[in-house]
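Heads up: the structure comes next, in structure tokens.
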Amino acid sequence: MKTIYDIQQLLKNYGTIIYVGHRLSDLQLMEGELKELYQSQLIDTRDFQTALFLLRHEIEIEKEKQDR
């Protein structure tokens with residue numbers, strides 16, 4: 001898993017498609033869904049940690065863009 005697209009595909013495999021039209025909100029919703037999948041033991045620890053790292057990195061980038 002290397003991109004946000006990869007995370008979207010992972011979520012899609014579990015029937016979750018997230019698009020509200022606001023990038024930051026989309027990323028935050030994906031993080032919540034990812035946590036739910038992990039807590040339900042549907043994804044392994046490595047995938048969870050990698051995806052969470054990617055999402056949090058993208059969230060920081062989006063927040064910096066909004067602060068400009």
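Each residue takes its place number in the sequence, starting with 1.
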key: side-chain contact (heavy atoms from CB on, under 4.5 Å) assessment of Leu24 paired with Ile59   = CA-CA 6 Å; Leu24 182 57; Ile59 288 170; 3.8 Å; yes
ask   = Between Gln9 and Asn13, does a side-chain contact (heavy atoms from CB on, under 4.5 Å) hold up when you go through it step by step?
value = CA-CA 6 Å; Gln9 294 307 304; Asn13 287 337; 5.5 Å; no
inquiry  = Using side-chain contact (heavy atoms from CB on, under 4.5 Å), reason through Met30 and Ile4 one step at a time and then give a plain yes or no.
reply    = CA-CA 10 Å; Met30 281 189 251; Ile4 297 300; 4.0 Å; yes
inquiry  = Working note: Leu11 + Ile17, criterion side-chain contact (heavy atoms from CB on, under 4.5 Å); need CA distance, chi angles, decisive distance, verdict.
reply    = CA-CA 7 Å; Leu11 293 174; Ile17 297 173; over 6 Å; no
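Taking CG of Leu10 as the reference point, atom CG of Asp47 lies at 6.5 Å (rounded to 0.5 Å). Expressed to the nearest 0.5 Å, how far CD of Gln66 lies from CZ of Arg23 amounts to 12.0 Å. To the nearest 0.5 Å, the span separating NZ on Lys2 from OG1 on Thr50 amounts to 11.0 Å.
No chain of hydrophobic side-chain contacts below 4.5 Å, direct or via other Ile, Leu, Val, Met, Phe, Trp or Tyr residues, connects Phe53 to Leu29. If you chain together hydrophobic residues whose side chains sit under 4.5 Å apart, Met1 and Ile61 never meet in one group. Cluster annotation: Leu34 and Val20 are assigned to the same hydrophobic cluster (Ile/Leu/Val/Met/Phe/Trp/Tyr, side-chain heavy-atom contacts under 4.5 Å, transitive).
Counting non-hydrogen atoms of neighbouring residues, nucleotides and ligands closer than 6.0 angstrom, the NE2 atom of His57 reaches no more than 12 such neighbours. For Gln41, the CD atom is loosely surrounded, since the number of other residues' heavy atoms within 6.0 Å does not exceed 12.
Looking only at distances, no side-chain donor or acceptor of Tyr14 sits under 3.5 Å from a matching main-chain atom of Glu33.
Ion pairing between a basic and an acidic side chain is recognised when a charged N comes within 4.0 Å of a carboxylate O; Lys35 and Glu31 show such pairing.
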